[in-house]
Asker: 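Encoded as structure tokens, here's the structure I'll be asking about.
So you know, we letter chains A, B, ... as the sequences are listed, proteins then strands, and number each from 1. Keep in mind the model is a prediction, meaning the values are calculated, not measured.
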Amino acid sequence: MDTLLQNLRFAFRSLRKSPLLTGAVVLTLALCIGATTAIFSVVHAVLFRPLPFAAPEGLLLVWETWQGEDGSFSVGNWADMKRADRSFTDLVPMRSVSYNLAGTDSPDNVPAARVGSGFFELLGVRPALGRTFLADEDQPGRGNVAILSDGLWRDRFGADPNIVGREVRLDGQPHTVIGVMPAALDYTLMNEQLWVPTAFTPERLAEHDEHFLFVVGRLKPGVALAEAQRGMDGIARWLQEHFPEDNTGRGIAIKPLIGEVVGDYRPRLYVLMGAVGFVLLIACANIANLLLARSAARSREIAIRAAVGAGRGHIIRQALTESLLLAVAGGVLGVMVAYWGVSALIALGPEDVPRLGSARVDGIVLLFALGLTLLSGLVFGLAPAFRMAGQFPHEALKEGGRSGAQSGQDRLRSALVVAEIALALVLLTGAGLLIRSSVALSGTNPGFDPRGVLAARVSLPSIGYESAERVQQTFQRIADRLAVVPGVQSAALVSRAPLEGGGSNGLIPEGRPLDITSTINSHFRLVTPTYFETMRISLVGGRTFTAEDRGAAPRVMVINETLARQAFPGESPIGKRIACCESGPNDEPLWKEVVGVVNDVRAQGLGEESGPEFYLPMAQAPTAAWEWIQRSMTVALRSSGDPMAVAGAARVALAEVDPTLPLYNIGAMGDRVSDSLAQSRFSTMLLTVFGGIALLLAAIGVYGVISYGVTQRTQEIGIRVALGAQRNDVVGMVVRHGALLAAVGLLVGLAGALALTRLLSTLLFQVSPTDPPTFAAGMAILSFVALLAATLPALRAARVDPVVALRNE
Amino acid sequence: MALAIDPLIRLNGISKVFHTEEVETHALSAIDLEIRAGEYLAISGPSGCGKTTLLSLLGLLDSPSEGSYVLAGEPVSGLSQAQRARVRSRAIGFIFQAFNLIGDLTVYQNIELPLKYRGMVPEERRSAVHGALDQVGLLHRINHYPAQLSGGQQQRVAVARAVAGRPLVVLADEPTGNLDSANGAQVMELLAELNRGGATICIVTHDPRYLDRVQRAVYLHDGRLVSDQPRDREVA
Ligand SMILES: Nc1ncnc2c1ncn2[C@@H]1O[C@H](COP(=O)(O)OP(=O)(O)OP(=O)(O)O)[C@@H](O)[C@H]1O
Ligand SMILES: [Mg+2]
């Protein structure tokens, strides 16, 4: 203990003797440890923190698969699966809905979930207030109860402690609040803000065709995932055999819930974590180099200490104490940087990252920072410590000449710089690939013109809008009324606007067998005739809809180019017929004539290839379609100026049709398109910053080593000049040294980058992970900077006075 | 080999003043000195009298504060740094007290270095290096590194390096200062032999034993040339 204190006191004094070096090291460490810790706290909050459920690892999402894609369940398939299953304690259905919420200041629409009665018991979450659903509350006619999320309870009900028992109107229908969930449940599954029990009629329970349920399950204790999957495969076969027309080709897949909640964010966050770790490594290499240079300068002091009896171990301990003291100082400041960094990441980060808002510097993060600090201290401290201990008296006290230890040290320092350059190249190419992707992404033609378009949702409640006719007429009136809002050039309704998701349907082109094997799964949109004009989606062939395409007129559809290619390869689709979405009284297919082909729209996001897609005129909406889209449509208004300027007038216009209807999710399409790029932009920006820092650190590393080398070799350079070396010879010699380091570093980095950029592939868009121009650019930038960093000391070397060759004693 | 220009070196009124922290050191004052081709000259004098300074001026490592320096008929006192480097690589061979071989280079590469700087083509360099190394009797050490040689051997390599390019004059600053007497004598013998072969040699030494071996000794005192005497030298 006494020696530790002594060591510490000595370390403190020795660090204070070189304040510049100490300051530079501590600052570099603070920034790098801080950045790494901040990114870690985001990774921890988003990816690692368990979901706020009891034993969350046992929770699974169950998907119906079709054509290789995970999809939602039909009610019938769910009910049959639940009956047959032996592996799960429960399989609870969940359905995303939204309600117009009245009974508070202004009408609004809130995202909600309809869930099976065992939902909260399955998750193992207890309400903060009141109770959960009773077993029979998911029966038809009994479901007029609601449970609020903490957020909704606070925002809309002023955190009323007596809320339980109060009545709220959801879509105009009275519901009794029976409970409030704890805050931990906010924003964990589907961002739902309230829960209402599902209620399936016997007809629904027999329906195997319409897919809209999510299913959450919990494995029974002792049941392995693979075993459960085998059980599900059996059930899927049974469903295929018994309902071949609906289930041929369908399977069931089970996935851990946590992965489904945060899975998409994993690669991006891991890449950022890796990148910032690389930056820290580069910084450590730099610091090791600084300390090595200092240990060389202190070799006499060390030698004297060794000569008076300090053992190897003692010198190593002393050196490590210094390194760890530096690391801890950097770590303490780093935690402060991390506090600031986490709030910056939350503020600047994309909005849709789940649980990002809950990132903070907590105990685990502090523990991580501590570990990181000690590890850094060892990483940059070990080499100098052993190097110091290796300088034994006879070597260090020897006059003149370059001893073996000296050139060994040069090799170590060079190796460190090579590693820095290699790491920096990996980061730079990674950043370069993301930049190219970002550019390609924002340059992608979305297939429509989002500028000047306002989008907002309108939902008709089930109560008061029971009949399909009424729903259709109301939306028609809304469309007509919106068309004459001042400032609006063109108004349209669409079941889901681009970037809003939306459902899909199976359809069969005429001439193919009428069974599931001919089915093309295709995105479906219900539109008013002006939709294509409003969104500026261009017609490739045929015509778009007119007001005449209604009720009794022949059924028509417009398809996109992808569907045209898939359904009618090599033929003109115009005039061809397609069966979908509804059948006649005798279950015979109802054919729709393709009247037009429009260009593909990147409706799932700019980075997603368009799939097959078709449009039906709203005036010919199949009856069931209103249920699929839950009587909700998106209003699209094109105006010449700021699209948000017409929002107020649109609200007024809607109120004229039905004053209880809220206009919600109001936003400019242009903003939505750029928001959809926020993820890509944000990680690109972070990686670019890390790449830039890496470049700077590598440049400092090269400068440090070359400059130190020049100082060490002043005598040699003097001799060379005395022997006739010109200025250029000297500059060339020094720069060549830098170029050699850079070349080796680039070679190692190239191999590393080739191996590592593959991990980026899911984040890349229209650029290959080994994109040669990006690699070339990364190498060019790094070479340029490395040579620049070597040129400064080289110019100093060129000024060495050759007289030193004569006066070296 | 020695050109028919007489004298090879002519210094007129050379002085050198160092300015450091408000102190002016007059290292050399009004030096007049002529060295003929083929001469073997020693500069001696007490420590600090300006011997190394004079040698550095002769070797064009530094330029005089005043006076003129004509080397082989060419005035060189006003040359630029680059020009001086070029003259150095062609006309001057250096031997240093501390050998000053470059540790990272082999014997061969050390000797080749000034030839490279001079722009000699590789084949010529090769034969020049071999010839010089043969002269100092170290051909068998051609691929060794300086650290693998004794001090005397290192200094003989340095001699080979100085003469390989057949310079107009070889300058040596206390070439035996870091050697024991046996090795010192060997190096001095080597220089005498070179001189007998026609080389112009100018060494700094204050060892009276070696002064006997030169043709001419000049004495410096406080930066002034105080004596310039021909020596009787036994010719073997
Ligand atoms: N760069 C310099 N700056 C200032 N003074 C210098 C410099 N170089 C030499 N001197 C001074 O010039 C004088 C002559 O030095 P010089 O090295 O030529 O002496 P020297 O005769 O070679 O001595 P020694 O026998 O000890 O080698 C000395 O007083 C020395 O201090
Ligand atoms: Mg001297």
Asker: What heavy-atom pair brings Ser89(B) and Gly724(A) nearest, and what distance separates the two atoms?
Answerer: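 Scanning both residues completely, I find the closest heavy atoms to be CB-CA, 3.6 Å.
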Asker: Check this for me: Glu74(B), atom CD, are more than 12 non-hydrogen atoms of other residues, nucleotides or ligands nearer than 6.0 Å?
Answerer: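 At most 12 heavy atoms, drawn from other residues, nucleotides or ligands, come within 6.0 Å of this atom.
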Asker: To the nearest 0.5 Å, tell me how far Gln83(B) CD sits from Gln726(A) CD.
Answerer: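 CD of Gln726(A) is found 9.5 Å from CD of Gln83(B).
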Asker: To the nearest 0.5 angstrom, please state how far the CG atom of Leu723(A) sits from the CD1 atom of Ile111(B).
Answerer: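 Output value for this atom pair is 11.5 Å.
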Asker: What residues form a salt bridge (charged side-chain N to carboxylate O under 4.0 Å, His left out) with Arg141(B), not counting sequence neighbours?
Answerer: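 Listed in chain order: nothing, the list is empty.
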Asker: Report the option among Arg161(B), Arg84(B), Gln81(B) that has the most heavy-atom pairs separated by less than 4.5 Å from atoms of chain A.
Answerer: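 Option with the greatest count: Arg161(B).
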Asker: For Gln154(B), enumerate each residue passing the side-chain hydrogen bond (donor to acceptor under 3.5 Å, both in side chains) test, keeping only those at least two apart in sequence or located in another chain.
Answerer: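 Gln154(B) satisfies side-chain hydrogen bond (donor to acceptor under 3.5 Å, both in side chains) with no residue once adjacent residues are dropped.
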Asker: Surrounding CZ of Phe18(B) (heavy atoms of other residues, nucleotides or ligands, distance under 6.0 Å), is the total greater than 12?
Answerer: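 It does: Phe18(B) CZ has more than 12 such atoms within range.
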Asker: Taking all atoms of both residues into account, what is the closest heavy-atom pair of Phe96(B) and Ala805(A), and its distance?
Answerer: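 What the structure gives for the nearest pair is CD2-O, 3.4 Å.
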Asker: Chain B heavy atoms under 4.5 Å from Asn728(A): which part of the residue, side chain, backbone, both or neither?
Answerer: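 Neither part, no heavy atoms under 4.5 Å.
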Asker: Out of Arg118(B), Glu174(B), Arg88(B), Arg86(B), which one racks up the most heavy-atom pairs below 4.5 Å with chain A?
Answerer: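 That would be Arg88(B).
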Asker: Taking atom CZ of Arg796(A) as the centre, does the number of heavy atoms from other residues, nucleotides or ligands within less than 6.0 Å exceed 12?
Answerer: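 More than 12 within 6.0 Å, yes.
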Asker: What distance do Leu105(B) atom CG and Arg720(A) atom CZ have between them, rounded to the nearest 0.5 Å?
Answerer: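 The distance works out to 5.0 Å.
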Asker: With rounding to the nearest 0.5 Å, note down the distance linking CG in Asp173(B) to CG in Leu806(A).
Answerer: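 One finds 5.5 Å between CG of Asp173(B) and CG of Leu806(A).
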Asker: What closest approach, in Å, do Ala85(B) and Ala725(A) show between heavy atoms, and which atom pair accounts for it?
Answerer: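 Nearest heavy atoms, Ala85(B) then Ala725(A): CB-O, 3.8 Å.
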Asker: Please name the pair of heavy atoms, one in Asp801(A) and one in Leu61(B), separated by the smallest distance, quoted to 0.1 Å.
Answerer: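 Residues Asp801(A) and Leu61(B), closest heavy atoms: OD1-O, 4.1 Å.
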